[in-house]
K.L.:
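Let me begin by handing over the structure; questions about it come next.
Note that the coordinates shown come from a computational prediction; the quantities given were computed from them, not determined experimentally. When a ligand or atom number is given, it counts from 1 through the structure's own listing order.
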Amino acid sequence: MTGPATASQNSLKERLAVRGGQALSGTLKVSGAKNSALVLMTASLLTSDVVELCNVPELTDIAGMVDILRCLGVRVERSGDRIQLQADSLSSAEPPYELVNSLRASFFSIGPLLGRLGQAKVPLPGGCRIGARPVVEHIRGLKALGAHVSVEHGSVNAAVPGTQPRLRAAPIILDCPSVGATETVLMAAVLARGTTTIENAAQEPEVQDLAQLLNAMGADITGAGGPVITIRGVERLHGVRNYSVIPDRIEAGTFLIAAAITGSPMRVEPVIPEHLNAVLQKLRDCGCRLEIDDAGIMITPGQLQAVDITTQPFPGFPTDLQAPFMALMTVAQGTSVISEKIYENRLQHIAELQRMGASIRVEGSTAIVEGVPQLSGAPVTGSDLRASAAMVLAGLAAKGVTHVSGLSHLDRGYDNIERKLSSAGAVIERQDIRLTDKIKKVE
Ligand code: EPZ
């Protein structure tokens, strides 16, 4: 490997060492939402003016999106949590396969490229460990808006016919409330001729954040956050300054679970409570007291009781917190039934939790978790972004040291998680596994 390794390359040689049993205290700070920032960045393709975002998290996925947008000719400047993007001289409508393949969210560029340029050629994002991740709904939506779309040689080729390529509005009904498909159609429809409606739209806060940014850029969108979104097409969009990305509800939920699993009264902020209502209810049901104010949440854990979870589209319990919450249930009193209804293969963290002494039985897409008094530290690997977070949470409560590998996943979605947890008192450190002889602090 020549040259400095990238963050993700380093992650392959690193692990987190977590010494369990340590109480936490103080405040855990929540960064901007990954799943909002990524799609807001692609919205910059819709105008030649500057789009400036703030509260952007420091993640390898964000760095990946910067690379992809620069390949398309977007000028991108990053300073701290602020990113300025300007697509005033796009040089390509085809993000490179290698970059798209490593970052699914880059597929969202197809909608704005089509809306702005009248054409786009975006590699099909592969499946991933949690599921096939099809994009049928994205393609159906673009075809409904008048685009000719074909899938050839692993890429989705989309083009608007005619000499003045402009999409035309249409009534669209999604077969499933897909977050990505809703966002793709939203961004394609804002410059279309006429009024588009999206029924069975995804209602996630990240969809609302995108609609809010687009409206700040001059779009005319109503109903985002509900099941029917109306988009009145406009001629052009203008730039926006200082648009703040919403706080990451999944990171906030992960931190609330960190407090619960270590029995630590903690404050987590900033949080927009209505972005997490289903999770907050489950935390109350399992014995935690929550004091909510307009800046954040104070959690005071009690004796953990088992509760049942079924993942659903928003406003139901989010699939991205299923693995973290399962870690919590492994040490709760009683039996918890956890059903994963969104992805077909998002139970791989069970085997790793079992290595730590968890008692879990799997029946199809449902896990039956018998709470045990305590987990025991072990070397484990996170199979996806949220499973990796679940391993860290389990390590915080386990007896002894847990070595969590798979940090390339973790670093995609959590902004300096070990620094934040350390600041709250966790005994956790990132270790280079090639230098094990130099490791002393945590062991
Ligand atoms: C977004 O993915 C998030 N990613 C995911 O977060 C999140 O888990 C997911 O929404 C659900 O909330 C980003 O926003 C970058 P979907 P997305 O399309 O848009 C099926 C994380 O950990 N489906 O709503 O790809 C699909 O197979 C990541 O941060 C179709 O059947 O999710 C899945 O079962 C993981 N056909 C379900 O819908 C389609 O055309 C949800 O997918 C599209 C999706």
Side-chain angles (χ1 to χ4, degrees), residues 31-43 57 59-62 64-65 68 100 102-111 124-144 149 151 156 172-187 198 200-210 245-246 248-254 275-276 278-279 311-324 340-349 365 382-390 406 408-415:
S31 300
K34 163 181 88 85
N35 290 346
S36 183
L38 289 170
V39 70
L40 299 186
M41 289 167 74
T42 61
L59 304 170
T60 52
D61 269 13
I62 299 292
M65 183 61 83
I68 287 164
V100 170
S102 63
L103 177 59
R104 291 186 47 74
S106 52
F107 187 74
F108 296 162
S109 59
I110 194 166
L124 267 177
C128 67
R129 290 163 177 258
I130 63 179
R133 312 292 298 270
V135 289
V136 171
E137 292 303 295
H138 301 241
I139 293 171
R140 281 185 63 235
L142 296 176
K143 283 182 173 174
V149 186
V151 180
V156 179
I172 292 168
I173 303 177
L174 295 179
D175 280 353
C176 68
S178 157
V179 172
T182 303
E183 293 169 341
T184 291
V185 173
L186 254 182
M187 291 193 284
I198 308 173
N200 196 22
Q203 304 178 43
E204 271 71 0
E206 293 75 26
V207 172
Q208 297 174 57
D209 208 15
L210 172 62
V245 178
I246 54 171
D248 194 316
R249 61 193 170 100
I250 304 303
E251 185 186 31
T254 305
H275 290 179
L276 269 178
V279 179
T311 63
Q312 298 288 353
F314 193 87
F317 192 95
T319 174
D320 294 348
L321 282 173
Q322 178 259 108
E340 173 54 57
K341 298 291 185 191
I342 302 295
Y343 290 109
E344 61 269 32
N345 192 28
R346 201 173 203 177
L347 294 176
Q348 297 170 70
H349 43 282
S365 63
S383 51
D384 76 81
L385 162 55
R386 308 303 174 182
S388 301
S408 57
H409 299 301
L410 195 64
D411 294 339
R412 291 187 47 209
Y414 289 92
D415 183 350

K.L.:
Can you tell me if Arg133 contacts ligand 1 (heavy atom of the residue under 4.0 Å from the ligand)?
P.N.:
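The answer is yes, since Arg133 has a heavy atom less than 4.0 Å from ligand 1.
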K.L.:
Is the side chain of Asp415 donor-acceptor paired with the backbone N or O of Pro57 at a distance under 3.5 Å, no angle test?
P.N.:
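No, the answer is negative, given that no donor and acceptor are paired below the 3.5 Å cut-off.
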K.L.:
Is there a donor-acceptor pair under 3.5 Å between the side chain of Ser36 and the backbone N or O of Ala33?
P.N.:
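Absent.
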K.L.:
For Leu174, does its backbone N or O pair with a side-chain atom of Asn200 as donor and acceptor, under 3.5 Å?
P.N.:
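At least one qualifying donor-acceptor pair exists.
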K.L.:
Note the single closest protein heavy atom to atom 18 (O) of ligand 1, along with its residue, its atom name and the distance in Å.
P.N.:
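Checking every protein heavy atom, the shortest distance to atom 18 (O) of ligand 1 gives Ser178 OG, 2.7 Å.
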K.L.:
Check ligand 1 against Lys34 and write out every atom of the ligand that is under 4.0 Å from a heavy-atom position of the residue.
P.N.:
21 (C), 29 (O)
K.L.:
Looking at ligand 1, does any of its N/O atoms fall within less than 3.5 Å of an N/O of Arg386?
P.N.:
yes
K.L.:
Where do Gly64 and Leu103 come nearest, in terms of heavy atoms and distance?
P.N.:
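Closest heavy-atom pair between Gly64 and Leu103: C-CD2, 3.8 Å.
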K.L.:
When only distance counts, is Glu344 in polar contact with ligand 1, meaning an N/O pair under 3.5 Å?
P.N.:
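No; the residue has no nitrogen or oxygen that sits under 3.5 Å from a nitrogen or oxygen of the ligand.
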K.L.:
Scan His409, Glu251, Lys34, Arg386 and name whichever one has a side chain to side chain donor-acceptor pair (under 3.5 Å) with Tyr414.
P.N.:
Arg386
K.L.:
So which heavy atom on Ser383 is nearest to which on Ser388, and how close?
P.N.:
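Residues Ser383 and Ser388, closest heavy atoms: N-OG, 4.4 Å.
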K.L.:
Please state which protein non-hydrogen atom is closest to atom 15 (C) of ligand 1 and give its distance, to 0.1 Å?
P.N.:
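Residue, atom and distance for the closest contact: Asn35 OD1, 3.4 Å.
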K.L.:
Do NZ/NE/NH1/NH2 and the carboxylate oxygens of Asp320 and Arg346 come within less than 4.0 Å?
P.N.:
yes
K.L.:
Could you check atom 42 (O) of ligand 1 against the protein and tell me its nearest heavy-atom contact, residue, atom and distance included?
P.N.:
Tyr343 OH, 4.1 Å
K.L.:
For atom 24 (O) of ligand 1, what's the nearest protein heavy-atom neighbour? Residue, atom name and distance, please.
P.N.:
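It is Val179 N, 2.8 Å.
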K.L.:
For atom 43 (C) of ligand 1, which candidate among Ala181, Pro134, Ala105, Pro313 provides the closest heavy atom?
P.N.:
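Selected option, by shortest heavy-atom distance: Pro134.
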K.L.:
I'd like to know if the side chain of Glu204 reaches the main chain of Phe314, judged simply by a donor and an acceptor atom lying under 3.5 Å from each other, with no hydrogens or angles considered.
P.N.:
yes
K.L.:
Check Ile68 against Val100 and note the closest heavy-atom contact, atom names and distance.
P.N.:
CD1-N, 4.3 Å
K.L.:
Are the side chain of Thr182 and the backbone of Ala201 linked by a donor-acceptor contact shorter than 3.5 Å?
P.N.:
no
K.L.:
For Ser365 and Glu340, test the side chains for any donor-to-acceptor distance below 3.5 angstrom and give the result as yes or no.
P.N.:
no
K.L.:
Find the distance between CZ (Arg140) and CD1 (Ile173) and round it off to the nearest 0.5 Å.
P.N.:
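Here the rounded value is 8.5 Å.
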K.L.:
Starting from atom 19 (O) of ligand 1, which protein heavy atom do you reach first, and at what distance in Å?
P.N.:
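Going atom by atom, the protein heavy atom closest to atom 19 (O) of ligand 1 ends up being Gly180 N, 2.8 Å.
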K.L.:
Taking N or O atoms only and a 3.5 Å limit, does Pro177 qualify as a polar contact for ligand 1?
P.N.:
no
K.L.:
Should you measure from each heavy atom of Val136, which atoms of ligand 1 turn up under 4.0 Å away?
P.N.:
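So the atoms of ligand 1 that pass are 40 (O).
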K.L.:
Check Arg346 against ligand 1 and report side chain, backbone, both or neither, counting heavy atoms closer than 4.0 Å.
P.N.:
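The answer is the side chain.
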K.L.:
Taking heavy atoms and a distance under 4.0 Å, where does Leu385 meet ligand 1: side chain, backbone, both or neither?
P.N.:
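Side chain only.
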K.L.:
Starting from atom 40 (O) of ligand 1, locate the nearest protein heavy atom and write down its residue, its atom name and how far away it is, to 0.1 Å.
P.N.:
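Ranked first by proximity to atom 40 (O) of ligand 1 is Glu137 N, 2.7 Å.
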K.L.:
Report the member of Leu321, Asp320, Thr184, Thr319 with the shortest heavy-atom distance to atom 28 (C) of ligand 1.
P.N.:
Asp320
K.L.:
For ligand 1, is there an N or O atom under 3.5 Å from any N or O atom of Phe108?
P.N.:
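No, there is no polar N/O contact under 3.5 Å.
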K.L.:
Heavy atom of Cys176 under 4.0 Å from ligand 1?
P.N.:
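In this structure, Cys176 qualifies as a contact of ligand 1 - some heavy atom is under 4.0 Å.
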K.L.:
Where does the angle between the aromatic ring planes of His138 and Phe107 fall among parallel (under 30°), tilted (30 to 60°) and perpendicular (over 60°)?
P.N.:
perpendicular
K.L.:
Can you sort out which atoms of ligand 1 are near Val135, meaning under 4.0 Å from one of its heavy atoms?
P.N.:
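Counting atoms of ligand 1 from 1, those under 4.0 Å from Val135 are 40 (O).
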K.L.:
Is there a heavy atom of Arg104 sitting under 4.0 angstrom from any atom of ligand 1?
P.N.:
yes
K.L.:
With only distance considered, is Ile342 within less than 3.5 Å of ligand 1 through an N or O on each side?
P.N.:
yes
K.L.:
Within the structure, is a non-hydrogen atom of Glu183 found at a distance of less than 4.0 Å from ligand 1?
P.N.:
no
K.L.:
Between Glu137 (side chain) and Asp175 (backbone), is there a donor-acceptor pair under 3.5 Å?
P.N.:
yes
K.L.:
Please work out, at 4.0 Å between heavy atoms, whether the side chain, the backbone, both, or neither of Glu206 comes within that distance of ligand 1.
P.N.:
neither
